[in-house]
Undergrad: 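Encoded as structure tokens, here's the structure I'll be asking about.
So that the names make sense, note that chain A is the first sequence line, chain B the second, and so on, each numbered from 1. Just so it is clear, the structure is predicted and the values come from calculations on it, not from any experiment.
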Protein chains: 2
Amino acid sequence: MRKRTIEDYVELLYDLQKNKKPVHTNDIASVLNINPASVTEIFQKLNNDGYINYEKYGGATLTQKGEKIAIATKKKHDTLKKFLKILGVDEKIADMDACKIEHVVDPMTMEKLTKFVEFVQRFKGGPRWLDHFKYFYETGKYIECTLIDTAKCPFHRHKSQ
Amino acid sequence: MRKRTIEDYVELLYDLQKNKKPVHTNDIASVLNINPASVTEIFQKLNNDGYINYEKYGGATLTQKGEKIAIATKKKHDTLKKFLKILGVDEKIADMDACKIEHVVDPMTMEKLTKFVEFVQRFKGGPRWLDHFKYFYETGKYIECTLIDTAKCPFHRHKSQ
DNA sequence: ACTAATTTTTAGGTATGCCTAAATTATATT
DNA sequence: AATATAATTTAGGCATACCTAAAAATTAGT
């Protein structure tokens, strides 16, 4: 498996915290299928770096700093996944790819993708060009334009219409 | 820096090979700003795993297996970069992000992105909805539809027109 | 409250991907 | 061809992210 990042851990901590706080080494270990002893080391490091509050045998809770990163990372994940699903990537793969890409992507790219998702979701059922893309993806053919009025505009299948 | 993958090395080898073959440890070391001694180790590993032909003091050349991966990786890189540029990401950032994403992305996602880039590039100057997206990105506003005929169809600003 | 079972930590180990310093080989100059 | 210089490899080191086994602390059953 790819080297796990701080982001991975605070994200997971954030999710587990919702059910039970504080989160113990075993909770993480069982989810990630790693040894509890390894989690202890990770907790010590995250604690040192100010992402969690951790005391021996006491489990961990995210600090503000940690929570901030967790939320930001989850937001990135969510946007990436939404974007990939728009493109037609399967749920599971979208989720896995989002999980990997979220740790490496530049803020500018995230901003563009965020706006793109917003732009697409503005149209109920997606904009018409997206249907055309899907048709193209399946068949390799481009749909010829047959429109004559606004109502059929392939761009403006607009929520407010 | 992120851990470099086999893909990184064969890709670089592929590029350097074009100028001068075989590629020596120093060539790689100076590009990546790492120690030549480290490159020796990497060459030994790549040689063991069949990606390059390497002999002590003799430099390295890609095997077929290595070249195949290099080409596939470069193709992924190219598609990712094109896609990001379509979205409006700056050249440099597009390049850097492509370089990171290419190593983690699922084949299915690559396929969707490849088709998407093809789909967009089919229109000279890009499809009209892309202008609309850029407008939306800049202003936060959606352009209202004012079309009445095919010629102005925002989707079909078609190369063959 | 005592003992058993469970959880957690400590101590020590492995593989990887880099490093530096020193040794070795190859190349260039004369 | 001998020697100086440059390139390359070897040997040994460091940090990280995991591991196992054993010790220590906590929790649960009676």
Side-chain angles (χ1 to χ4, degrees), chain A residues 1-13 15-17 19-62 66 69-70 73 96 99-100 102-104, chain B residues 1-13 15-17 19-62 66 69-70 73 96 99-100 102-104:
Chain A
M1 211 271 181
R2 149 187 79 89
K3 176 197 168 200
R4 273 177 270 257
T5 65
I6 288 161
E7 285 182 355
D8 286 308
Y9 290 112
V10 294
E11 211 179 344
L12 181 53
L13 250 343
D15 287 336
L16 296 180
Q17 258 190 183
N19 304 327
K20 196 185 57 108
K21 211 172 162 179
V23 177
H24 287 258
T25 51
N26 253 345
D27 303 329
I28 301 275
S30 63
V31 172
L32 298 182
N33 263 305
I34 61 177
N35 198 291
S38 306
V39 182
T40 300
E41 290 166 19
I42 291 156
F43 274 7
Q44 285 165 347
K45 185 172 181 297
L46 290 176
N47 183 65
N48 266 340
D49 298 350
Y51 298 108
I52 61 174
N53 288 122
Y54 161 71
E55 281 184 77
K56 266 190 183 187
Y57 301 99
T61 53
L62 287 172
I69 290 173
T73 306
M96 279 170 32
C99 201
K100 291 176 283 183
E102 70 191 16
H103 304 300
V104 299
Chain B
M1 212 266 182
R2 152 186 76 87
K3 175 197 168 198
R4 273 177 271 256
T5 66
I6 288 163
E7 286 183 353
D8 286 307
Y9 289 112
V10 294
E11 212 178 344
L12 181 54
L13 251 341
D15 288 334
L16 295 179
Q17 258 190 185
N19 304 326
K20 195 185 55 105
K21 211 171 160 177
V23 177
H24 286 257
T25 52
N26 252 347
D27 304 328
I28 301 275
S30 63
V31 172
L32 298 182
N33 264 305
I34 61 176
N35 198 288
S38 306
V39 181
T40 300
E41 290 166 19
I42 291 157
F43 275 7
Q44 286 164 345
K45 185 172 181 297
L46 290 176
N47 183 65
N48 266 340
D49 297 351
Y51 299 108
I52 62 174
N53 286 123
Y54 161 71
E55 282 184 74
K56 268 190 181 192
Y57 301 101
T61 54
L62 287 173
I69 289 173
T73 307
M96 280 170 31
C99 201
K100 290 175 283 180
E102 70 192 17
H103 304 300
V104 300

Undergrad: Any idea which of D:dC18, D:dA7, D:dA17 is nearest the B:Asn26 side chain?
TA: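 Among D:dC18, D:dA7, D:dA17, the one nearest the side chain of B:Asn26 is D:dA7.
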Undergrad: Measuring to OP1 and OP2 of D:dT16, would you say a side-chain N or O of A:Arg4 lies under 4.0 angstrom away?
TA: no
Undergrad: Output yes when at least one side-chain N/O atom of B:Asn35 is less than 4.0 Å from OP1 or OP2 of C:dC19, else no.
TA: no
Undergrad: Please state how far atom CE in B:Met1 lies from atom C1' in C:dT16, giving the value in whole angstrom units.
TA: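 Answer to the nearest Å: 16 Å.
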Undergrad: Return whichever of B:Tyr57 or A:Ala37 has its heavy-atom-nearest nucleotide of DNA chain C closer to the 5' end.
TA: A:Ala37
Undergrad: Do the side-chain N or O atoms of B:Ser38 get closer than 4.0 angstrom to the phosphate oxygens (OP1, OP2) of C:dC19?
TA: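 The answer is yes; a side-chain N or O of B:Ser38 sits under 4.0 Å from OP1 or OP2.
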Undergrad: D:dT16, D:dT26, D:dA21: which one has an atom nearest the side-chain heavy atoms of A:Lys3?
TA: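 Of all the options, the side chain of A:Lys3 is nearest to D:dT16.
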Undergrad: The side chain of B:Tyr9 is closest to which nucleotide in this list: D:dA11, C:dT9, C:dC18?
TA: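 That would be C:dC18.
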Undergrad: Please give, in whole Å, the distance from C:dG17 P to B:Ile28 CD1?
TA: 15 Å
Undergrad: Could you tell me how far apart B:Lys45 (NZ) and D:dT9 (P) are, to the nearest whole angstrom?
TA: 17 Å
Undergrad: Could you tell me if the side chain of A:Arg2 sits less than 4.5 Å from the side chain of A:Lys100, heavy atoms only?
TA: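 Yes, at least one pair of side-chain atoms sits under 4.5 Å.
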Undergrad: Do any side-chain nitrogens or oxygens of B:Arg2 fall under 4.0 Å of OP1 or OP2 in C:dG17?
TA: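 The answer is no; no side-chain N or O of B:Arg2 sits under 4.0 Å from OP1 or OP2.
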Undergrad: Please tell me if the side chains of B:Ile28 and B:Phe43 come closer than 4.5 Å, counting only heavy atoms from C-beta onward.
TA: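 The answer is yes; the side chains approach within 4.5 Å.
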Undergrad: Compare the minimum distances between each of C:dT25, D:dC18, C:dC18 and the side chain of A:Ile42, then state the nucleotide with the smallest one.
TA: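 So the nucleotide nearest the side chain must be D:dC18.
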Undergrad: Please report the distance, rounded to the nearest Å, between CG in A:Asp49 and C1' in D:dA17.
TA: 15 Å
Undergrad: Can you confirm whether B:Leu32 sits close enough to B:Val39 that some side-chain heavy atom of one is under 4.5 Å from a side-chain heavy atom of the other?
TA: no
Undergrad: Does OP1 or OP2 of C:dT7 have a side-chain N or O of A:His24 closer than 4.0 Å?
TA: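 No, A:His24 has no side-chain N/O under 4.0 Å of OP1/OP2 on C:dT7.
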Undergrad: Report the distance from atom CG of B:Asn47 to atom C1' of D:dT9, rounded to the nearest whole Å.
TA: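 Rounded to the whole Å, the gap is 14 Å.
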Undergrad: Would you mind telling me which of C:dG17, C:dT9, C:dC19 lies closest to the side-chain atoms of B:Glu41?
TA: C:dC19
Undergrad: Taking only side-chain nitrogens and oxygens of A:Thr40, does any of them come within less than 4.0 Å of OP1 or OP2 of C:dT9?
TA: yes
Undergrad: From the list D:dC18, D:dT9, D:dA7, which nucleotide is the closest neighbour of the side chain of B:Lys56?
TA: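 That would be D:dT9.
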Undergrad: Given atom CD of B:Glu55 and atom C1' of D:dT9, what is their separation to the nearest angstrom?
TA: 15 Å
Undergrad: Got a sec: does the NZ of B:Lys20 have more than 12 other heavy atoms crowding it under 6.0 Å?
TA: yes
Undergrad: Between B:Asp15 (side chain) and B:Leu12 (backbone), is there a donor-acceptor pair under 3.5 Å?
TA: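 Answer holds: no.
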Undergrad: Please confirm whether the shortest side-chain N or O distance from A:Thr25 to OP1 or OP2 of C:dT8 is below 4.0 Å.
TA: yes
Undergrad: Would you say A:Tyr54 reaches C:dT9's phosphate, i.e. side-chain N/O to OP1/OP2 under 4.0 Å?
TA: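 Answer is yes, contact under 4.0 Å.
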Undergrad: Once you round it to whole Å, what is the distance between C1' of D:dT16 and CD1 of A:Ile6?
TA: 12 Å
Undergrad: Keeping the roles fixed (side chain from B:Asp49, backbone from B:Tyr51), state whether a donor-acceptor pair exists under 3.5 Å.
TA: no
Undergrad: Please determine, for the side chain of B:Ile34, which listed nucleotide (D:dT8, D:dT9, C:dC19) has the closest atom?
TA: C:dC19
Undergrad: Is the distance from OP1 or OP2 of C:dT10 to the nearest side-chain N or O of A:Gln44 less than 4.0 Å?
TA: yes
Undergrad: Using whole Å, report how far CZ of A:Phe43 lies from C1' of C:dT10.
TA: 17 Å
